[in-house]
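Note sheet for the following structure.
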Number of protein chains: 2
Amino acid sequence: MDEAITDILKHNQLSVTDNRLKILELFHNNNKALSHADIEHLSGKNFDRVTIYRTLQTFVEKGIIHTIPTADNSIVYALCKEDCGEGHHHDDHVHFICDKCGTTYCLEQTSIPSINIPKGFSAHRVNVLVNGVCKNCRPS
Amino acid sequence: MDEAITDILKHNQLSVTDNRLKILELFHNNNKALSHADIEHLSGKNFDRVTIYRTLQTFVEKGIIHTIPTADNSIVYALCKEDCGEGHHHDDHVHFICDKCGTTYCLEQTSIPSINIPKGFSAHRVNVLVNGVCKNCRPS
DNA sequence: ACTTGTTTGCAACATCGTTGCAAAATTATT
DNA sequence: AATAATTTTGCAACGATGTTGCAAACAAGT
């Protein structure tokens with residue numbers, strides 16, 4: 001399990017460090033999107049703020065994680081699927097943000113519908129954000 | 001023209017001040033979404049940063065403008081349509097962000113498609129962000 | 001084990017956004 | 001038209017967030 005995470009780093013020509021292993025582990029253990037602050041808390045405050053910023057930046061560049069825009073304007077990050085690589089992101093799935101618990105999910109199975117945009121505009125990438133209540137916060 | 005803007009403020013039970021008139025004017029003159037920084041520059045730096053923050057906040061609460069989430073994580077604001085009011089936003093249109101000039105447009109005429117989300121989740125609001133090249137930046 | 005190159009942590013800084021409070025402007029009242 | 005009551009503004013200070021330079025610590029290759 002730890003070796004799988006190590007492999008991800010090696011495949012992306014990244015040095016294997018405690019910091020990177022720990023952060024990748026957090027993404028694998030929590031099946032949801034994490035903010036910089038989440039990581040700072042979850043990691044037990046062992047790592048410097050700056051290091052976390054730089055690690056996340058590196059992971060985004062390498063295509064290991066992707067960023068998700070949110071309405072309340074905090075950056076959150078989530079693991080990419082297999083087919084993302086350096087400079088090639090293919091995160092064409094819907095993102096769901098729970099208004100109760102604040103959790104952001106990647107709905108991998110929900111594909112993005114096609115959008116008809118006006119003449120003169122050309123679309124390169126579509127982001128769909130759905131706000132609502134997630135299955136854990138659903139009233140019984 | 002200036003009176004129309006004054007009316008908007010009065011209809012929302014807001015005092016008519018230079019600041020608010022100027023900011024509303026900027027939104028009417030520039031047919032695109034504006035960031036806090038945009039307003040600071042466009043207004044000629046006559047108003048305090050804090051005042052701009054508070055004015056934008058007030059306008060959002062009153063339903064005069066709405067916020068748009070962006071991938072690069074800067075808040076942008078745009079005018080609401082007629083039917084938005086205090087606590088009632090109905091901005092179900094697509095937002096388009098030009099990757100070249102950075103302009104954010106509200107595509108009022110493009111409606112949001114329905115999204116099938118997994119069981120257990122309930123959707124309340126859908127945000128669609130399209131990135132691409134706008135009609136002004138289109139290569140000839 | 002040693003060397004090379006990368007990564008980390010610290011310090012300092014820049015930007016962004018918020019809050020409390022007194023002065024100024026706007027609205028309501030007489 | 002003048003005054004009183006309320007709202008808004010600007011300033012100062014603060015907190016949170018994100019960035020950069022540089023020396024020490026670490027990982028990878030020989």
Side-chain angles (χ1 to χ4, degrees), chain A residues 2-3 5-26 33-62 64-65 67-77 86 102 104, chain B residues 2-3 5-26 33-62 64-65 67-77 86 102 104:
Chain A
D2 212 44
E3 286 176 19
I5 294 175
T6 303
D7 281 351
I8 293 173
L9 293 176
K10 286 188 177 166
H11 287 153
N12 285 283
Q13 291 118 25
L14 291 172
S15 304
V16 178
T17 67
D18 288 351
N19 188 313
R20 289 174 177 164
L21 285 173
K22 181 79 178 182
I23 292 180
L24 262 188
E25 218 176 274
L26 288 176
L34 300 173
S35 68
H36 177 272
D38 289 335
I39 292 166
E40 213 171 349
H41 296 143
L42 288 171
S43 70
K45 309 209 176 194
N46 294 322
F47 303 118
D48 195 82
R49 266 170 7 96
V50 180
T51 304
I52 298 175
Y53 279 116
R54 285 197 271 228
T55 302
L56 290 172
Q57 199 174 294
T58 304
F59 285 177
V60 170
E61 284 165 8
K62 291 292 185 177
I64 300 173
I65 59 177
T67 61
I68 305 168
T70 61
D72 72 326
N73 225 61
S74 56
I75 313 180
V76 283
Y77 304 86
E86 193 157 4
T104 301
Chain B
D2 211 44
E3 288 177 17
I5 293 175
T6 303
D7 283 351
I8 294 173
L9 293 176
K10 284 187 179 168
H11 287 151
N12 286 282
Q13 291 118 25
L14 291 172
S15 304
V16 178
T17 67
D18 290 351
N19 188 312
R20 289 174 177 164
L21 286 173
K22 181 79 179 182
I23 292 181
L24 262 189
E25 218 176 273
L26 288 176
L34 300 173
S35 68
H36 176 271
D38 289 335
I39 292 166
E40 212 171 350
H41 296 142
L42 288 171
S43 69
K45 308 208 178 198
N46 294 325
F47 304 117
D48 194 82
R49 266 172 3 100
V50 179
T51 304
I52 297 175
Y53 279 116
R54 285 196 271 229
T55 303
L56 291 172
Q57 201 173 291
T58 304
F59 285 177
V60 170
E61 283 164 10
K62 290 292 184 179
I64 300 173
I65 60 178
T67 61
I68 305 168
T70 60
D72 73 326
N73 228 60
S74 56
I75 313 181
V76 283
Y77 304 86
E86 194 158 1
T104 300

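Letters A, B, ... mirror the listed sequences (proteins, then strands); counts begin at 1.
Panel note: side chain Asp48(B), backbone Val50(B); a donor-acceptor pair is recorded below 3.5 Å.
Atom CD1 of Ile52(A) is separated from atom C1' of dG18(D) by 13 Å (rounded to the nearest Å). The CG atom of Asn19(B) sits 17 Å away from the P atom of dA24(C) (whole-angstrom rounding). Atom OH in Tyr53(A) sits roughly 19 Å away from atom P in dC13(C) (whole-Å rounding). A straight line from CD of Glu61(A) to P of dT6(C) spans 14 Å, rounded to a whole angstrom.
Between the side chain of Arg54(B) and the base of dG10(D), at least one donor-acceptor pair of N or O atoms lies under 3.5 Å.
Along DNA chain D, the nucleotide closest to Leu14(A) and the one closest to Ala37(A) are compared, and the more 5′ of them pairs with Ala37(A). Comparing Val16(B) and Glu40(B) along DNA chain C, the residue whose closest nucleotide (by nearest heavy atom) sits nearer the 5' end is Glu40(B).
Residue Asp48(A) places its side chain closer to dC10(C) than to any other of dT7(C), dC10(C), dT8(D). The Val50(B) side chain lies nearest to dT18(C) when the options are dT20(D), dT18(C), dG18(D). Comparing dT8(C), dG18(D), dT9(D) by their nearest atom to the side chain of His36(A) picks out dG18(D).
Between Thr17(B) and dT7(D) there is no side-chain polar atom (N or O) within less than 4.0 angstrom of OP1 or OP2. When the side-chain nitrogen and oxygen atoms of Ser15(A) are compared with OP1 and OP2 of dA28(D), none of them lie within a distance under 4.0 Å. In this model, the phosphate group of dT7(C) is approached by a side-chain N or O of Arg20(A) to a distance below 4.0 Å at OP1 or OP2.
Backbone-only engagement by Ile75(B) is indicated by non-hydrogen atom pairs under 4.0 Å involving sugar-phosphate atoms exclusively. Among the atoms of the strands shown, base atoms are found under 4.0 Å from some heavy atom of Arg49(A).
The side-chain heavy atoms of Tyr77(A) and Thr104(A), taken from C-beta on, include no pair separated by under 4.5 Å. Using a 4.5 Å heavy-atom threshold, the side chains of His36(B) and Ile52(B) count as touching. In this structure, the side chains of Ile39(A) and Leu56(A) come closer than 4.5 Å at one or more pairs of heavy atoms. Counting only heavy atoms from C-beta outward, the side chains of Thr70(B) and Pro69(A) never approach each other to under 4.5 Å.
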